[in-house]
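Below is one structure, written out as structure tokens, with a few remarks after it.
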Amino acid sequence: MRRLSVVDEIFLRTHQGLGTPIALQGLWRTAGAVEPEILARLHEALRTGPLARRVVRPRVPGARARWQRNDRAHPLDRHRTALAPAEIPHWADTLGAELDPEHGPGWRLSAAPLTDGGTIVALTCSHVLADARGLILAVEQALGAMDSDRAVDLVCARPVAAPGDDTGDGPDSDWFDAARIWATVGLGGVRAAATRIPRGVRGPGHEKPLAGREGTATGAGGASRTGLPLPPAIEDRTDPSGPAETSAFAVLPEPAVILRCPAEDWEAVAARYGGTANSLFIWFVANTLWTAGFPGAAIAASLPVDTRDEARIDNDLAVTEIAVTPGDGPAEIRAKSRSAYERRMTSPGGLPEEFLYLVPDKVAHLLSRGAGERDILCSNIGPIPAALSTLGPHECTGIATRAVHPGLDYARRPRTRLSGYLCRFRDDYILTVASLYPERIADAAALHRLVTATAARVDLPIRPW
């Protein structure tokens, strides 16, 4: 029987209104019109795969919630009107509603025709069920099941109880689980599992550090010692909390843009400044925020790290952070990131993370509130598996990844102002940038102007997805 991890529980509380609701989304674009029969087969493979599960609450205080199989699914969502490519993010924004990881279903498969003759397919999934890499693995397994035309075991490496299977699901197991957690916390000598990355685990862009120098900010149009032009002057800018007339319960807008860049060009620009593809990515998101008028002298960047040692479909991640200053180029960020990937953000107050299982949800939320939230989020998903290059007979022309926040209002607004999601698909890097900063970034058009200006500073040839 599989139990929820501490990270799973944090995402579950956000689903219940305690924090920022998060759903993950993979957007899959094809060159041709995908037949309804192929979409139906993909939907069925997902319905019987590892995402087909829900959370079951424990009956004993201190015991952990567990996973149970759940074959219920939202119907295949087929949009009838053709979308222009620029309309894809706005359409995708609407797909995160009614995802319920407790009572199910926690995921949705959607598709829409495109005006260029292609199809956009979106898989949207509650973050409780899986992280971004887990979502990609789930799609890869579903495609494998479609191609094989035989029964394939799509259950994740750590098995989930089958529907109606009460094995290991009785009161005794809950009492044993609670007793184990109390013993762990009571012993006091247990190191919190979230304090350090295990040896051998690497984050994206984890290279040997370069001997970089810290840059210093000058005025607008100046240059740091890295040779990079600095962002516009920000000394006199303020950070308003939002229009006075905005209700705390009004929906917080989240404009997004999807861009692509030839991998050869992206890596050449990174190398020109002594960095890597990953450190250029972090530089790009941070400097886009400064270009928007963010007033901070430094930007705190949250960096998720994949901690898998095998292909599990779950939340197998940790988070670390770095501080980016205006004078930092890709080389300096590379060195900072390399050091940061050796550690994780610690458990609340230095307590063992198991302590969060022993307190009510509201208390656990207060102890872990804002976990991983910083000024920017830079999530490097990494390479997309070759198996996702086709859907049936249709070539895939691009894959984008991101998180959405269904129903997020101003009252639950996170610290994060700008989020970036990067993946490599074939010969392109595909970058999604999303904003939760309406005071500075009113809409997708404004966001597009900002990212274009940032790219121009380093001659990075980005173009719309």
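No experiment lies behind these values; they were computed from the predicted model shown.
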Validation row, ring centre His43 to ring centre Trp107 under 6.0 Å: yes
When you check the side-chain N and O atoms of [X] and [Y], is any donor under 3.5 Å from an acceptor?
X: Asn287; Y: Thr454; answer: no
X: Thr124; Y: Gln25; answer: yes
X: Asn315; Y: Asp131; answer: no
X: Glu254; Y: His405; answer: yes

Parallel, tilted or perpendicular: ring planes of Tyr437 versus Phe294, cut at 30 and 60 degrees: perpendicular
Are any of the side-chain heavy atoms of [X] and [Y] separated by less than 4.5 Å?
X: Val269; Y: Asp459; value: no
X: Leu431; Y: Trp266; value: yes
X: Gln141; Y: Ile313; value: yes
X: Thr397; Y: Phe425; value: no

Residues Asp100, His103; criterion side-chain hydrogen bond (donor to acceptor under 3.5 Å, both in side chains); working and verdict: CA-CA 6 Å; Asp100 189 345; His103 304 100; 3.3 Å; yes
Check against side-chain contact (heavy atoms from CB on, under 4.5 Å), Leu303 and Asn380: CA-CA 8 Å; Leu303 310 178; Asn380 189 341; over 6 Å; no
Residue of the set Thr390, Leu46, Leu391 for which side-chain contact (heavy atoms from CB on, under 4.5 Å) holds with Leu143: Leu391
Sidechain-backbone polar pair: Arg72 side chain, Gly104 backbone, donor-acceptor under 3.5 Å: yes
Main-chain N/O of Met146 paired to Arg41 side chain as donor or acceptor, under 3.5 Å: yes
Worked verdict on Arg413 versus Thr20 for side-chain contact (heavy atoms from CB on, under 4.5 Å): CA-CA 7 Å; Arg413 175 179 178 166; Thr20 305; over 6 Å; no
Output yes when [X] and [Y] qualify as a salt bridge under the 4.0 Å nitrogen-oxygen rule, no when they do not.
X: Asp375; Y: Arg415; result: yes
X: Glu439; Y: Arg417; result: no
X: Arg426; Y: Asp428; result: no

Arg402 NZ/CZ over Tyr421 ring centroid, <6.0 Å and within 45° of normal: no
Ring-face cation contact, Trp67 with Arg54, 6.0 Å cut, 45° max: no
Audit row: Glu44, Leu39, side-chain contact (heavy atoms from CB on, under 4.5 Å) steps and yes/no: CA-CA 9 Å; Glu44 178 64 13; Leu39 293 171; over 6 Å; no
Glu98 atom CD: more than 12 heavy-atom contacts under 6.0 Å: no
